[in-house]
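First comes the structure, then the notes that go with it.
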Amino acid sequence: MQKKLEQYILDHINDENPVLKELERYTYLHVLRPRMLSGHLQGSLLTMLCRMIKPVNILEIGTYTGYSSICMAYGCNDSAHIHTIEVNDELEHVIRKFHKKAGVENKITLHIGDALKIIERLNIDFDLVFIDGDKRQYPEYYNAVLPKTKQGGFILADNILWDGKVAKPNMPDDAYTKGIMDFNRMVKEDTRIEKTILPVRDGITLICKK
Ligand SMILES: C[S@@+](CC[C@H](N)C(=O)[O-])C[C@H]1O[C@@H](n2cnc3c(N)ncnc32)[C@H](O)[C@@H]1O
């Protein structure tokens with residue numbers, strides 16, 4: 001039933017852009033762990049959120065093959081710029097190739113390296129941050145990006161339901177689930193922000209800095 005509903009949703013939203021379709025196919029054929037890619041539903045949500053927020057400076061942690069950065073770029077006007085960070089240098093050629101194919105290479109700066117080190121060096125206040133890197137590091141990413149998020153700016157965090165593991169009666173104590181749960185607790189307790197959760201795909205937290 002879930003699959004049928006998902007298909008129904010996909011049948012009733014914009015068609016997937018051909019370059020994004022090609023990137024998804026390429027990723028499933030050639031790259032490890034292709035399920036990490038946002039996909040059409042979440043990607044179209046990112047595009048729409050960018051249309052709504054009209055961010056000028058965007059930060060993404062975890063580029064992977066570039067799908068979500070392209071979706072955000074499609075939703076932004078020409079004055080916007082995205083800084084996206086990916087630690088796996090084997091993905092660099094794929095990311096650059098598809099940013100170019102999508103015609104968004106001038107809107108995006110790709111940083112190859114560890115997000116925590118790179119964020120430290122970025123002297124920019126962001127209107128929108130998309131956290132989608134190593135789940136174990138979500139609390140550290142949050143602490144690093146909140147001071148660099150503008151007042152009234154937004155932080156989105158992906159995979160915060162972690163395949164439902166966060167709500168299991170006997171919570172798995174692996175480092176990934178723990179990282180996500182620590183992050184979810186931090187966000188809940190932080191009075192500097194407003195927050196809500198969208199149960200889209202693997203769960204997305206929407207945060208607005210007061
Ligand atoms: C879930 S994938 C990102 C998916 C992508 N945002 C999308 O929607 O298509 C997570 C990515 O984060 C990267 N990553 C993990 N730790 C990182 C770090 N410390 N700094 C930067 N990137 C990191 C991984 O190599 C992986 O490519």
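Every number for a ligand or one of its atoms is a count from 1 in the order of the listing.
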On a heavy-atom basis, the closest approach of Cys76 and Ile58 is SG-CD1, 3.4 Å
I'd like to check the side chain to side chain donor-acceptor pair (under 3.5 Å) partners of Asn184; sequence neighbours left out, ordered by chain and number. none
Where ligand 1 meets Asp132 - atom numbers and elements under 4.0 angstrom, heavy-atom basis: 1 (C), 2 (S), 3 (C), 4 (C), 5 (C), 6 (N), 7 (C), 8 (O), 10 (C), 11 (C), 12 (O)
Looking only at heavy atoms, the pair that brings Tyr138 and Asn159 closest together is OH-OD1, 4.1 Å
Does Asn159 reach ligand 1 with a nitrogen or oxygen that is under 3.5 Å from one of the ligand's nitrogen or oxygen atoms? no
Any N or O on Gly133 sitting closer than 3.5 Å to an N or O of ligand 1? no
Quick one: which ligand 1 atoms are inside 4.0 Å of a heavy atom on Glu60? 6 (N)
Record the part of Gln42 in heavy-atom contact with ligand 1 below 4.0 Å; permitted values are side chain, backbone, both and neither. neither
Is it the side chain (CB and beyond), the backbone, both or neither of Thr63 that lies under 4.0 Å from ligand 1, heavy atoms counted? backbone
In terms of residue, atom name and distance, what is the protein heavy atom nearest to atom 8 (O) of ligand 1? Ser38 OG, 2.6 Å
Can you tell me if Ile61 contacts ligand 1 (heavy atom of the residue under 4.0 Å from the ligand)? no
The protein heavy atom nearest to atom 21 (C) of ligand 1 is Val87 N, 3.4 Å
Do Asp127 and Lys150 meet the salt-bridge criterion of a basic N to acidic O distance under 4.0 Å? yes
Proximal ligand 1 atoms for Ala115, defined as those under 4.0 Å from one of its heavy atoms: 18 (C), 19 (N), 20 (N), 21 (C)
Do me a favour and list the nearest non-hydrogen protein atom to atom 25 (O) of ligand 1 with residue, atom name and distance? Glu86 OE2, 2.5 Å
Ligand-residue contact atoms, ligand 1 with Asp114, heavy atoms, under 4.0 Å: 18 (C), 19 (N), 20 (N)
Per-atom contacts, ligand 1 versus Gln137 - under 4.0 Å to a heavy atom: 19 (N)
Any idea which protein heavy atom is nearest atom 12 (O) of ligand 1, and the distance to it? Gly62 CA, 3.3 Å
Could you tell me which non-hydrogen atom of Leu37 sits nearest to which non-hydrogen atom of Arg201, and how far apart they are? O-NH1, 3.1 Å
Decide whether the shortest distance between a heavy atom of Thr27 and an atom of ligand 1 is less than 4.0 Å. no
As an exercise, identify every atom of ligand 1 less than 4.0 angstrom from a heavy atom of Asp134. 15 (C), 16 (N)
Between Asp163 and Lys165, is there a side-chain N and carboxylate O pair less than 4.0 Å apart? no
So the atoms of ligand 1 within less than 4.0 Å of a heavy atom of Tyr141 turn out to be 16 (N), 17 (C), 18 (C), 19 (N)
Starting from atom 7 (C) of ligand 1, find the nearest protein heavy-atom neighbour and note its residue, name and distance. Ser68 OG, 3.1 Å
Test side chain to side chain contact (heavy atoms under 4.5 Å, CB included) applied to Leu45 and Leu198, step by step: CA-CA 11 Å; Leu45 174 65; Leu198 292 181; 3.8 Å; yes
Do you know the tightest heavy-atom contact between Leu20 and Cys71? CD1-SG, 3.8 Å
Tell me every residue that passes salt bridge (charged side-chain N to carboxylate O under 4.0 Å, His left out) with Lys101, counting only those two or more places apart in sequence or in another chain. Glu22
Minimum heavy-atom distance Lys209-Thr149, with the two atoms named: NZ-O, 2.8 Å
Hey, are Glu92 and Arg96 close enough for a salt bridge, meaning a charged N less than 4.0 Å from a carboxylate O? yes
May I ask whether Gly113 places a heavy atom under 4.0 Å from ligand 1? yes
Subset of ligand 1 atoms that lie under 4.0 Å from at least one heavy atom of Tyr64: 2 (S), 3 (C), 4 (C), 5 (C), 27 (O)
Looking only at non-hydrogen atoms, find the nearest pair between Met181 and Val166 and report the distance. CE-O, 3.4 Å
